[in-house]
Amino acid sequence: MTDLKLQVIPLGGLGEFGMNMTAIRCGDDIIVVDSGMMFPEAELLGVDLVMPDLSFLKENREHVRALILTHGHEDHIGAVPFFLSEIAVPVYGTAFTLALVDRRLEEHELEEEPQFVTIKPRQIVEIGPFKIEFIHVTHSIVSAVALAITTPLGVIIHTGDFKVDPTPTDNELFDLHTLADYGKRGVLLLLSDSTNSDRPGYTESERAVQPRMEEIFNRAERRVVVSCFSSSIHRIQLVLDLAKEAGRGVAVIGRSMVTVTEIAHSLGLLDIPDGILLRPQDVMDRPPSKVAVLISGTQGEPMSALARVAVDNHKHITVESGDTVVLSSRIIPGNEKAIFRMIDHMARRGADVMYGSMNPPLHVSGHGSVEEMKLVLNLVRPRFFMPIHGEFRQLSKHARLADHLRFAGLEDTFVMESGEILEIDSRGARKAGKVQVGRVCIDSGSVDDVVQEVVIRDRRHLSEDGIVLPIIAINRSTGRMESLPEIVSRGFALADDGSEFIQTARQVVAKTLEGSNPEEKNDWGVMKEKIRADLKRYIVKETSRRPLIMPVILEV
Ligand SMILES: [Zn+2]
Ligand SMILES: [Zn+2]
């Protein structure tokens, strides 16, 4: 027992935002906590999502015992399908988390049926040398848990994502008592969420959004269109309740919004008042004062429901003068351009668009601020501390915070980046080398509703399939395309300049442009996405290749 080693290896999410994944190894046995993705940065146009490199886990495949999920946000479960296709182990999570994973798996063909183990807070499961207790935490998604992992060397607490919300809208309180119990008995290592370590004070309760939403519903004379993250069940409940009070029917629009509300409803986590739901196709026939819409697309994603509505290209709804549009979400850095462009489109049409920070707030964070982090540190009082979930500056701020608290027993704090190994044995804890980590880009076919086979686009793949640049020259004064688009390609074997294939591809791009309405044409983000989707469909059909497609639009 004396030479038993415990290793904690963050494989993603430390020193970068998103794609959280941590391996915990005791002797030979490994469990993995979360398997998240991140959305690609703008430079990675042509890629749908980014996930952690699984090399380390693949090399140790026979030792991996389980995947444990803390909650259902994409940065914690988004890579589960890819994880399971490589490493088929049981997956533990709350019913809601697993239902969200299951929905993602429908888009993927797995060789083996996944083994799901549904857990509840306060439940304890034993996996090899690990004994894991699930502890309910408050967060912007329902059914989130922290983990207390008992090992032969001591207890590891992994908070998952959390805020300490004293008045959660579903009245499910953060189980601080259980956390404190572990603290009293002694905790070897704390891994704690650092997302908001640069925000002083306390994060506002989810309930703080209510006054603003009430005000909006009281004041609005015409349609109220609310967009929030589809996983924000608390927020969706609030909108349903306010709509009911105001005598408005609610249409739920957008694929993710529809499926997630269905899942939450079927699990008893969302109360949908009787008779309140409207069919999307009936929205425009109703008196505008009797309608509310819940719609996905807060980040201005070009093909999302709200972005389509913004350019008046949605089957069922149009935003009209006097309508109120509410973006009840954070503006994720990097998405500003797309979001503001979308808002401009709707404002131009005379809608009152509410977004950004205001008081009372339209949106509150799901992550605890400094005082909440201190509370957790104080309750857990670990011997070792490793901040997780955040860019390096947030991790180091969180570490400083722990050092300043100077509670008895804190021996050492480790600011680590993905891939570094923290090793703990009877003598203490230390950094002990590195494993291979990195980002893997995933291209899941076209972004519209056609779901295609998933292809992992690593570097080798890119070098095989090459790159295709459709170049569209638009006349600055007329807004029209002057000539057929050019197509430049590199490393894409079938693309000789004069070939029929390229000629047809040029026609495909031209057709996409012609088929778009003037507002879409003015929005280059939308146009690039549409061109990419249509051209990709053509190329895949003709060649079964998946080159990287990066449309370029030039004003001449
Ligand atoms: Zn989260
Ligand atoms: Zn997260």
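Note that ligands are numbered from 1 as they come in the structure, with each ligand's atoms numbered from 1 the same way.
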Engineer: Kindly assign one of parallel, tilted or perpendicular to the pair F385 and H398, based on the angle between their ring planes and the thresholds 30° and 60°.
Structural biologist: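 Correct class here is perpendicular.
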Engineer: Could you confirm whether D193 has any N/O/S atom lying under 2.8 Å from the Zn ion (ligand 2)?
Structural biologist: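 Given the 2.8 Å cut-off, D193 does not count as a ligand of the Zn ion (ligand 2).
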Engineer: Indicate if the distance from the Zn ion (ligand 1) to the nearest N, O or S atom of H73 falls below 2.8 Å.
Structural biologist: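 Yes, within the cut-off.
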Engineer: Taking 2.8 Å as the cut-off, does D75 contribute an N, O or S atom near the Zn ion (ligand 1), distance below it?
Structural biologist: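 False for D75.
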Engineer: Scan for salt bridge (charged side-chain N to carboxylate O under 4.0 Å, His left out) pairs involving residues 180-197, sequence neighbours excluded, and state none if there are none.
Structural biologist: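 Applying salt bridge (charged side-chain N to carboxylate O under 4.0 Å, His left out) to every pair that reaches into residues 180-197, excluding sequence neighbours, yields nothing.
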Engineer: Find the distance between CG (D34) and CD1 (I77) and round it off to the nearest 0.5 Å.
Structural biologist: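 Between atom CG of D34 and atom CD1 of I77 there are 9.5 Å.
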Engineer: Is the H139-H76 ring centre distance short of 6.0 angstrom?
Structural biologist: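 Centroid distance H139-H76: not below 6.0 Å, so no.
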Engineer: With the Zn ion (ligand 1) as the point of reference, which N/O/S atom of H139 is the closest?
Structural biologist: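 It is NE2 of H139.
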Engineer: D161: which N/O/S atom is nearest the Zn ion (ligand 2)?
Structural biologist: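 Of the nitrogen, oxygen and sulfur atoms in D161, the Zn ion (ligand 2) lies nearest to OD2.
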Engineer: Under 2.8 Å from the Zn ion (ligand 1) - does any N, O or S atom of H71 fall there?
Structural biologist: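 True for H71.
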Engineer: Aromatic contact between H73 and F229, with the criterion being ring centroids under 6.0 Å apart: yes or no?
Structural biologist: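 No, ring centres 6.0 Å or more apart.
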